[in-house]
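These numbers were taken from a predicted model, which means no experiment stands behind them.
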Amino acid sequence: MKYEPIIGLEVHVQVKTKSKMFCDCPAAYFNNKPNSHVCPVCLGLPGALPVPNKLAVEKCLRLALALNCSINKHSKFDRKNYFYPDLPKGYQISQFDLPFGYEGYFEIGINGDNRRIRVTRVHMEEDTGKSLHEEGKTLLDYNKSGIPLAEIVSEPDFTSTEEVLEFAKRLRQTVRYLDISDANMERGQMRFELNMSLREQGKRGLPDYKVEVKNIGSISVLEKVINFESARQAEILESGKTPTQETRGLKDMTGETVSQRIKEESEDYRYFPEPDIPPLNFSDKQIKKLEESVIELPQAKKDRYVAELGLEPDTAETIISKKARFTWFEKLVKGESNPKLIKELAKWLIGDLSALLKADRSKLADLKFNHTQFKNLISLLLEGKLSGTLAKKVLAIMYKTGRAPEDIVKEEGMEIVSDTAEIKKIARSVINDNKKVAEDVKKNPNAVKFLVGQIMQVTRGKANPNVAEQVLREMLELPV
Ligand code: ZN
Ligand code: MN
């Protein structure tokens, strides 16, 4: 039997703020001394009163808006009760029936098509502390307790691993774009839970069971879990049984899962309104202002680069992947309408310029030359005043010195040789040195390119390649 996976995701993202969700303890807990960032509120001591962090609430609302959610203008916090040592209050402050955002969607690109994944809700809650298991003992660090979290819940709309991974990557990019979170996975700033079942291919509707897997800390493990669960559930279904509806945890980083508990229902959490925090009300004006701060999102940006600027999807993807890069690129092509120049600029930005920066561990912000100078360099190339090889050399000098490309060309004698007579002389000797290739040109169209390459090599990139090819074609009696 052939099956397809039916998957829904829950994503927890740590919202980037200075202080914690309900107290003024510093939120930067990573690598800090255990229990050094704690107070009565985040330790859950009796009588302590939580006060919501305005910035965290705003960032969560912005995320909900970015995911096309409707906003509950009247919202509140609720207590989610469960007992676990890393939860000092015995409950987590979360949101139950009035999440900040509901019924949204997130668009992802799959094989050149866009697909909408429905977002059930976006709500706000607090993170728990951290348990460290050592030599049969459990140690607790509450520095993480009370860090603001945004939780994104999707509908079970994914039917392939590819879609899940694309969603995860786009979402990570999106929260970074909007400065909602750094989404650093190694630091646990973005975590996944998935619910998954298998459906016979061709059938419709949801299967009558689902398996939840918790605490997935990276996108690569997410992929492994889906593969493992696909095989495990298929085997059970093949034997004529139905997989148990349960919560499973990771055995290790291989993606293998083990049963943890038979799934609890929401009533097990005895949700009730948080009595210590008054309900929140947002005005249309407040929401509109937040909505305006939602900049163009990665997928929309990529689609626009392809449709309007004529970039290849892969090139567009590389440029949008970093905020600094697309910001630099957009300034570079602002007001530019020549599609050939735009494409070439994009190519050189992610190619040679990025390579120079990478080798140097530098950033675009550290460049000694400006956007106009870079554009002038590429224009010289397109006008045939520089060959590719020379342009590379000029760029390297620009990179080191910040001098203007026109000055470098002049002062370093890098002007291209377009003089036909001079190139003819060189072409003659190149043909002489490569008699076999020259005889082959009529059968092998690549032979001309090879000979052009030889001319470029002899002239150290200074011959005009167009003139060189023209001259060669004339001399070898090929159609020009
Ligand atoms: Zn605190
Ligand atoms: Mn949660």
Side-chain angles (χ1 to χ4, degrees), residues 9-46 48 50 53 56 79-94 124-152 168 172 175 181-194 212-225 228 246-264 268-269:
L9 270 189
E10 283 177 30
V11 189
H12 285 91
V13 178
Q14 281 186 351
V15 177
K16 191 164 79 174
T17 50
K18 278 212 177 74
S19 53
K20 291 187 181 180
M21 185 64 219
F22 298 112
C23 60
D24 57 10
C25 289
Y29 66 89
F30 197 78
N31 270 347
N32 274 290
K33 201 171 150 250
N35 299 309
S36 59
H37 292 177
V38 289
C39 74
V41 174
C42 54
L43 281 177
L45 300 185
N53 181 326
R79 288 188 180 180
K80 181 182 182 179
N81 298 278
Y82 65 96
F83 182 75
Y84 202 74
D86 64 12
L87 193 67
K89 296 194 288 287
Y91 60 85
Q92 177 190 33
I93 303 179
S94 180
M124 176 124 246
E125 58 187 33
E126 56 178 340
D127 212 341
T128 60
K130 196 173 152 196
S131 316
L132 302 145
H133 306 285
E134 262 174 35
E135 297 163 13
K137 284 184 203 148
T138 294
L139 303 170
L140 290 156
D141 173 10
Y142 289 110
N143 283 350
K144 188 164 76 78
S145 170
I147 299 288
L149 287 178
E151 179 172 335
I152 302 114
R172 181 176 58 182
V175 296
S181 173
D182 291 334
N184 182 329
M185 306 254 173
E186 285 83 51
R187 295 188 172 192
Q189 291 172 350
M190 192 174 187
R191 283 117 58 181
F192 305 96
E193 285 169 33
L194 59 82
E212 201 172 290
V213 185
K214 284 192 181 288
N215 287 324
I216 304 168
S218 83
I219 293 177
S220 62
V221 173
L222 186 60
E223 182 176 12
K224 289 177 190 155
V225 167
F228 177 83
E246 63 184 347
T247 298
R248 300 177 70 87
L250 290 183
K251 197 175 150 198
D252 47 39
M253 296 313 235
T254 62
E256 194 173 324
T257 66
V258 284
S259 181
Q260 279 184 335
R261 55 181 182 267
I262 305 303
K263 172 130 184 70
E264 61 277 279
D268 295 338
Y269 289 122

Should Met21 and Met124 be marked as a side chain to side chain contact (heavy atoms under 4.5 Å, CB included) after you check the CA-CA gap, both sets of side-chain angles, and the distance that decides it?
CA-CA 9 Å; Met21 185 64 219; Met124 176 124 246; 3.7 Å; yes
Which residues share a salt bridge (Lys or Arg N to Asp or Glu O under 4.0 Å) with Glu193, sequence neighbours left out:
Lys214
Do [X] and [Y] come within less than 4.5 Å of each other through their side chains, counting heavy atoms only?
{"X": "Asn215", "Y": "Leu250", "answer": "no"}
{"X": "His37", "Y": "Asn32", "answer": "yes"}
{"X": "Ile93", "Y": "Pro50", "answer": "yes"}

I'd like a table of donor-acceptor pairs (distance under 3.5 Å, sequence neighbours excluded) in which one partner is a side-chain atom from residues 82-89, with atom names and distances.
| from | atom 1 | to | atom 2 | distance (Å) |
| --- | --- | --- | --- | --- |
| Lys89 | NZ | Glu126 | OE1 | 3.1 |
| Lys89 | NZ | Glu126 | OE2 | 2.8 |

Working to the nearest 0.5 angstrom, can you tell me the gap between [X] [atom1] and [Y] [atom2]?
{"X": "Glu125", "Y": "Leu149", "atom1": "CD", "atom2": "CG", "answer": "5.5 Å"}
{"X": "Leu140", "Y": "Leu132", "atom1": "CG", "atom2": "CG", "answer": "7.5 Å"}
{"X": "Thr17", "Y": "Ile147", "atom1": "OG1", "atom2": "CD1", "answer": "6.5 Å"}
{"X": "Met185", "Y": "Arg172", "atom1": "CE", "atom2": "CZ", "answer": "4.5 Å"}
{"X": "Lys224", "Y": "Ile219", "atom1": "NZ", "atom2": "CD1", "answer": "13.0 Å"}
{"X": "Ser218", "Y": "Glu223", "atom1": "OG", "atom2": "CD", "answer": "9.5 Å"}

So which atom in [X] and which in [Y] form the shortest heavy-atom distance, rounded to 0.1 Å?
{"X": "Ser181", "Y": "Gln14", "result": "OG-O, 2.8 Å"}
{"X": "Cys23", "Y": "Val41", "result": "CB-CB, 3.7 Å"}
{"X": "Tyr142", "Y": "Lys20", "result": "O-NZ, 3.3 Å"}
{"X": "Val175", "Y": "Ala183", "result": "CG2-CB, 3.8 Å"}
{"X": "Glu246", "Y": "Ser259", "result": "OE1-OG, 2.6 Å"}
{"X": "Pro34", "Y": "Asp141", "result": "CA-OD1, 3.5 Å"}

May I ask you to decide if Lys16's main-chain N or O and Asp182's side chain share a donor-acceptor pair within less than 3.5 Å?
no
Does Arg248 reach the main-chain N or O of Thr257 with its side chain, forming a donor-acceptor pair under 3.5 Å?
yes
Side chain to side chain contact (heavy atoms under 4.5 Å, CB included) between Asn143 and Val38, intermediate numbers included
CA-CA 6 Å; Asn143 283 350; Val38 289; 4.1 Å; yes
Strictly below 4.0 Å, N to O, side chains only: are Asp127 and Arg191 in salt-bridge contact?
yes
As a test of understanding, state which of Ser145, Cys42, Ser36 forms a side-chain contact (heavy atoms from CB on, under 4.5 Å) with Cys25.
Cys42
List for me each residue that meets side chain to side chain contact (heavy atoms under 4.5 Å, CB included) alongside Leu222, sequence neighbours excluded, and say none if there are none.
Leu9, Val164, Leu165, Ala168, Phe192, Leu194, Ile216
Taking atom CG of Asp24 as the centre, report whether more than 12 heavy atoms of other residues, nucleotides or ligands fall under 6.0 Å from it.
no
